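In this text the structure is predicted, and so the values were computed from the model without any measurement.
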Amino acid sequence: VVADPEWMTEFARLAEELGFEALYLVEHVAVAAGYDDAYPYSADGRMPLPEECPIPDPLELTGFLAARTERLRFSTGVLVGPNHNPVVLAKRLATLDALSGGRVDAGFGVGWMREEVEAAGADFSTRGRRTTELLAALRQLLDTDPASFDGEFFSFSNLRVHPRPTRRIRLDVGGHVEAAAVRAGAVGDGLHPLGLDPQTLRQRWDLARETAAGAGRDPAGLQLSVTMPIGRLDEAAVESAAAAGVDRIIASTATRDPGMRPSELADAMAAAVSLVP
């Protein structure tokens with residue numbers, strides 16, 4: 001349904017009316033038929049969506065939906081970092097931010113599907129270092145004019161990327177392993193892990209903040225986001241997350257009935273966090 005313009009327009013407008021902060025959109029440039037690598041967030045190693053599921057480009061979809069809403073924010077959960085060039089991506093993010101009135105942020109992961117990453121032109125074995133460098137280069141391009149960077153994978157000098165963003169675009173880091181927490185603390189604005197038990201979540205969050213402090217960054221500037229399936233999202237879960245220091249909960253709709261009407265799905269999301277009686 002995310003590729004249906006009428007369905008997505010109605011759903012985004014309902015989410016805005018109900019008071020949700022943002023829509024998080026996923027990315028797969030391509031899905032390998034019968035992919036070999038295991039999806040890390042399910043017991044059977046298969047992602048919850050079928051291989052042939054239409055997955056629109058999240059930034060293109062953001063532009064489409066931003067033009068049809070007024071206050072709703074948009075982010076990615078997540079862009080596959082090694083698939084992207086920071087100069088091209090900075091241009092796209094800055095343009096979206098300017099045209100939407102400052103309603104765009106982005107999250108990044110290293111990717112888990114070898115076939116996709118390699119088909120997009122990156123070495124799968126270096127995807128972690130490449131994503132860390134992508135974020136560092138993006139920060140320069142989005143915050144500095146002109147911008148320069150000299151790294152292992154990306155180098156540029158005195159580049160001007162215009163239009164300029166209207167505000168600081170948040171660049172979050174997705175992932176469940178220690179390397180993701182280190183990446184968030186070193187170059188990100190927040191950590192967005194999946195599938196962690198409460199104790200491991202606290203460990204990862206502590207590691208992100210410790211890394212930030214060690215890098216001379218303010219740990220208080222980081223934000224912690226988590227994703228929860230709608231079926232497990234209730235007031236008790238929200239209270240528990242808040243007690244753990246979570247700033248933002250993303251309600252996952254990945255396993256919901258794809259035949260649901262936008263109003264049914266929006267109502268289910270809102271009821272889970274008491275936005276409606």
Side-chain angles (χ1 to χ4, degrees), residues 1-31 47-86 88-109 111-113 116-117 119-120 134 138 142 163 165-167 169-174 192 194 225 227 229-230 248-266 268-269:
V1 293
V2 293
D4 181 333
E6 293 184 5
W7 198 101
M8 282 303 297
T9 297
E10 183 180 351
F11 178 66
R13 287 172 173 168
L14 286 168
E16 182 171 75
E17 291 174 10
L18 289 167
F20 284 97
E21 177 196 29
L23 284 185
Y24 276 62
L25 305 171
V26 303
E27 178 182 53
H28 274 294
V29 173
V31 175
M47 59 182 183
L49 301 174
E51 293 176 1
E52 67 277 12
C53 177
I55 304 175
D57 180 275
L59 300 185
E60 303 288 354
L61 183 55
T62 290
F64 175 81
L65 294 175
R68 287 155 177 77
T69 54
E70 296 179 357
R71 301 177 306 279
L72 193 66
R73 301 187 61 78
F74 299 90
S75 189
T76 55
V78 293
L79 291 177
V80 181
N83 290 355
H84 293 276
N85 175 284
V88 177
L89 187 55
K91 180 71 167 187
R92 297 178 72 193
L93 289 173
T95 300
L96 283 171
D97 179 84
L99 295 180
S100 69
R103 292 189 282 145
V104 176
D105 294 303
F108 297 83
W112 58 271
M113 188 182 296
E116 176 189 15
V117 170
L134 170 76
L138 266 177
L142 293 173
T166 65
R167 23 73 74 185
I169 297 175
R170 197 178 75 247
L171 305 178
D172 288 344
V173 174
H192 182 182
L194 295 177
S225 304
T227 295
I230 289 179
R248 182 178 297 100
I249 295 175
I250 293 87
S252 173
T253 63
T255 59
R256 300 298 292 190
D257 178 4
M260 292 184 75
R261 294 181 56 80
S263 58
E264 294 173 329
L265 183 53
M269 292 170 59

Checklist entry - Are the side chain of E21 and the backbone N or O of R73 linked by a donor-acceptor pair below 3.5 Å? => result no

Checklist entry - Would you say the side chain of T227 lies within less than 4.5 Å of the side chain of Y24, judging by non-hydrogen atoms? => result no

Checklist entry - Taking all atoms of both residues into account, what is the closest heavy-atom pair of F64 and P5, and its distance? => result CZ-CB, 3.6 Å

Next on the checklist: I'd like to check N83 versus V117 (side-chain heavy atoms, cut-off strictly below 4.5 Å). Are they in contact?
Outcome noted: yes

Next on the checklist: Before you tell me yes or no, could you show the steps for V29 and V80 under side-chain contact (heavy atoms from CB on, under 4.5 Å), namely the whole-Å CA-CA distance, both residues' side-chain angles and the distance that decides it to 0.1 Å?
Outcome noted: CA-CA 8 Å; V29 173; V80 181; over 6 Å; no

Checklist entry - Is there side-chain contact between I55 and V2, with heavy atoms separated by less than 4.5 Å? => result no

Checklist outcome for this item: Between G109 and P82 the two heavy atoms that sit nearest each other are O-CD, 3.8 Å

Checklist entry - Should L59 and L89 be marked as a side-chain contact (heavy atoms from CB on, under 4.5 Å) after you check the CA-CA gap, both sets of side-chain angles, and the distance that decides it? => result CA-CA 10 Å; L59 300 185; L89 187 55; 3.6 Å; yes

Checklist outcome for this item: When rounded to the nearest 0.5 Å, the distance separating CE of M8 from CZ of R68 is 11.5 Å

Next on the checklist: Measuring only between side-chain heavy atoms, which start at C-beta, is L72 closer than 4.5 Å to L23?
Outcome noted: yes

Item to check | Closest approach of I169 to V104 (non-hydrogen atoms, all atoms of both residues) | outcome: CG2-O, 3.6 Å

Checklist entry - Between T69 and R103, is any pair of side-chain heavy atoms under 4.5 Å apart? => result yes

Next on the checklist: Does any part of the side chain of H28, heavy atoms only, come nearer than 4.5 Å to the side chain of L49, both counted from C-beta?
Outcome noted: no

Item to check | Considering all heavy atoms, the nearest D172-S225 contact | outcome: OD2-OG, 4.3 Å

Checklist entry - side-chain contact (heavy atoms from CB on, under 4.5 Å) between I250 and H192: does it pass, once the steps are laid out? => result CA-CA 9 Å; I250 293 87; H192 182 182; 3.8 Å; yes

Item to check | Pair M47-W112, side-chain contact (heavy atoms from CB on, under 4.5 Å): steps then yes or no | outcome: CA-CA 11 Å; M47 59 182 183; W112 58 271; 3.9 Å; yes

Item to check | Sidechain-backbone polar pair: D97 side chain, T166 backbone, donor-acceptor under 3.5 Å | outcome: yes

Checklist entry - If you look at every heavy atom in A12 and L65, which pair is closest and at what distance? => result CB-CD2, 4.1 Å

Item to check | Whether E27 side chain and P58 backbone form a donor-acceptor pair below 3.5 Å | outcome: no

Checklist entry - CG of L96 to CZ of F74: how many Å apart, nearest 0.5 Å? => result 10.0 Å

Next on the checklist: A side-chain contact here means heavy atoms from C-beta on lying under 4.5 Å apart; do P163 and K91 qualify?
Outcome noted: yes

Checklist outcome for this item: Minimal heavy-atom distance between G107 and S75, with the atoms involved, is N-OG, 3.9 Å

Checklist entry - OG1 of T76 to CG of L171: how many Å apart, nearest 0.5 Å? => result 9.0 Å

Item to check | Validation row: R92, E60 side chains within 4.5 angstrom (heavy atoms) | outcome: yes

